[in-house]
Protein chains: 2
Amino acid sequence: MWQRAVVYAALLAGGTLALQWLDYQRLARAHSGAAYVLLIAVAFLALGVFLGANAFGSPGRRAFDGNPKAEGALGISPRELQVLHGIAAGRSNKEIAASLEVAPNTVKTPVARLFDKLGAKRRTQAISRARELGIVP
Amino acid sequence: MWQRAVVYAALLAGGTLALQWLDYQRLARAHSGAAYVLLIAVAFLALGVFLGANAFGSPGRRAFDGNPKAEGALGISPRELQVLHGIAAGRSNKEIAASLEVAPNTVKTPVARLFDKLGAKRRTQAISRARELGIVP
DNA sequence: ACGCCAATCACCCGAACGGGTGATTTGAGG
DNA sequence: CCTCAAATCACCCGTTCGGGTGATTGGCGT
């Protein structure tokens with residue numbers, strides 16, 4: 001995205017300089033200079049708006065892909081992540097176990113380990129922590 | 001915010017035109033015109049970036065103000081909302097009761113009513129539903 | 001006046017959870 | 001080979017939660 005914007009900027013700047021050079025003789029006459037400068041200003045304003053919106057805007061529109069850094073730092077395993085998403089979706093251990101096709105007792109182990117890793121005492125706190133860390137949306 | 005940007009734009013445009021007019025004589029000489037045009041272009045590019053970022057960017061930076069429509073439609077009372085925020089923050093009934101300065105038994109009533117209104121069977125599900133509805137961030 | 005609703009609170013009891021014990025299996029790495 | 005960690009699972013037992021019962025009070029609308 002930044003590469004594309006840089007290309008656009010280079011093209012526009014290059015075009016501007018080229019026109020400047022070719023029209024240098026005309027620029028010295030009448031009032032055409034003021035209109036020309038305004039045209040440049042408007043063009044660059046539009047480019048700036050485009051760049052600003054794309055560079056700084058709409059982070060929410062990107063697909064959520066978790067926070068692999070935090071997951072790695074906390075040592076969250078793939079299974080723990082699966083269980084965490086089940087918890088955050090509002091499901092009980094029993095329901096999570098059913099969807100993972102394991103016994104309910106089995107779910108309790110990654111749950112307990114998630115609590116340790118997230119510093120949580122209960123499910124709701126684990127969700128809250130995971131959201132702060134960007135691990136769940 | 002838009003008003004401020006418009007003021008900035010008007011000032012910059014006005015300043016540009018004033019300089020244009022005052023320097024019209026100088027513009028007809030040497031290469032100073034190319035440098036001048038580039039200066040204008042850069043200034044408007046910066047303004048554009050600023051406008052773009054603020055107009056289209058960072059929706060997350062706005063203060064979260066809930067979803068009063070959904071709250072009203074579901075009939076969620078101010079107390080219930082307080083309790084919901086406590087739940088979403090990962091707190092136990094006991095902790096929520098302490099912060100609201102009521103008995104733990106008292107918290108259970110709005111909790112139960114939130115579950116009814118959100119169609120939830122447990123706290124985690126209530127959080128999930130409330131987030132879907134935009135009631136909690 | 002009455003009815004409704006929210007808020008407060010107590011209590012009963014079952015379910016789910018969560019901390020703890022333990023066991024086994026598997027796979028990766030040294 | 002050994003060690004370690006993850007995953008699987010069972011069980012014990014205490015805590016929290018949640019559905020239910022009930023009561024009282026206060027505010028608002030009819």
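Excluded from the calculations below are hydrogen atoms, water molecules and symmetry mates; all remaining heavy atoms, backbone and side chain alike, are included. So that the names make sense, note that chain A is the first sequence line, chain B the second, and so on, each numbered from 1. All values reported here derive from a predicted model rather than from experimental measurement.
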Of the non-hydrogen atoms in B/G90 and A/S128, which two are nearest, and what is the gap between them? N-CB, 4.4 Å

Nearest-Å distance for atom pair CD/C1', residues B/E101 and C/dC9: 16 Å

Whole angstroms only, please: what is the CD1-P distance between B/I87 and D/dC17? 9 Å

Options D/dG18, D/dT16, C/dA16, nucleotide nearest the side-chain atoms of B/S92: D/dT16

Please write out each protein N/O paired with an N/O of nucleotides 22-30 of chain C under 3.5 Å, distance rounded to 0.1 Å.
none

Given atom CZ of A/R79 and atom C1' of D/dC9, what is their separation to the nearest angstrom? 13 Å

Between D/dG18, C/dG18, D/dA6, spot the one nearest the side chain of B/R123, thanks. D/dG18

side-chain contact (heavy atoms from CB on, under 4.5 Å), paired with B/L74, selected from B/D116, B/L118, B/L114: B/L118

May I ask you to verify if any side-chain N or O of B/S77 is less than 4.0 angstrom from the OP1 or OP2 atom of C/dC5? no

Can you tell me the distance, in whole Å, between the CG atom of B/L114 and the P atom of C/dA7? 10 Å

If the cut-off is 4.0 Å, is B/R113 near the phosphate of C/dA7, judged by side-chain N/O to OP1 or OP2? yes

Out of D/dA7, C/dC17, C/dA7, minimum distance to the side chain of B/P78 belongs to C/dA7

Taking the nucleotide of DNA chain D with the nearest heavy atom to each, does A/P104 or A/K117 sit closer to the 5' end? A/K117

To the nearest 0.5 Å, tell me how far B/I76 CD1 sits from B/I135 CD1. 4.0 Å

Residue-phosphate contact under 4.0 Å: B/R122 side-chain N/O, C/dA16 OP1/OP2: no

B/K94 has a side chain; which of C/dC9, D/dT16, D/dT8 sits nearest to it? D/dT16

With a 4.0 Å cutoff (strictly under), does any side-chain N or O of B/N93 reach OP1 or OP2 of D/dT16? no

Closest heavy-atom contact between B/E80 and B/G75? OE1-O, 3.7 Å

Please report the closest heavy-atom contact between A/K121 and A/Q125, naming both atoms and the distance. N-OE1, 2.7 Å

B/K121 NZ - C/dA15 C1' separation (whole Å): 13 Å

Got a donor-acceptor contact below 3.5 angstrom from the A/R79 side chain to the A/P110 backbone? no

Ignoring the backbone of A/E80, work out which of D/dA7, C/dT8, D/dC9 is nearest its side chain. D/dA7

Decide side chain to side chain contact (heavy atoms under 4.5 Å, CB included) for A/H85 and A/V136; before the verdict, give the C-alpha distance in whole Å, the side-chain angles of both, and the deciding distance to 0.1 Å. CA-CA 7 Å; A/H85 280 114; A/V136 300; 3.9 Å; yes

With the side chain of B/K108 defined as its heavy atoms from C-beta on, choose the nearest nucleotide among D/dC9, C/dC11, C/dG19. C/dC11

Residues A/R122 and B/E95 bridged, charged N to O under 4.0 Å: yes

For B/L100 and C/dT8, what is the distance between atoms CG and P respectively, to the nearest whole Å? 8 Å

B/N105 CG to C/dC13 C1', straight-line distance once rounded to whole Å: 14 Å

Please report, rounded to the nearest Å, how far the C1' atom of C/dT8 is from the CD1 atom of B/I96. 16 Å

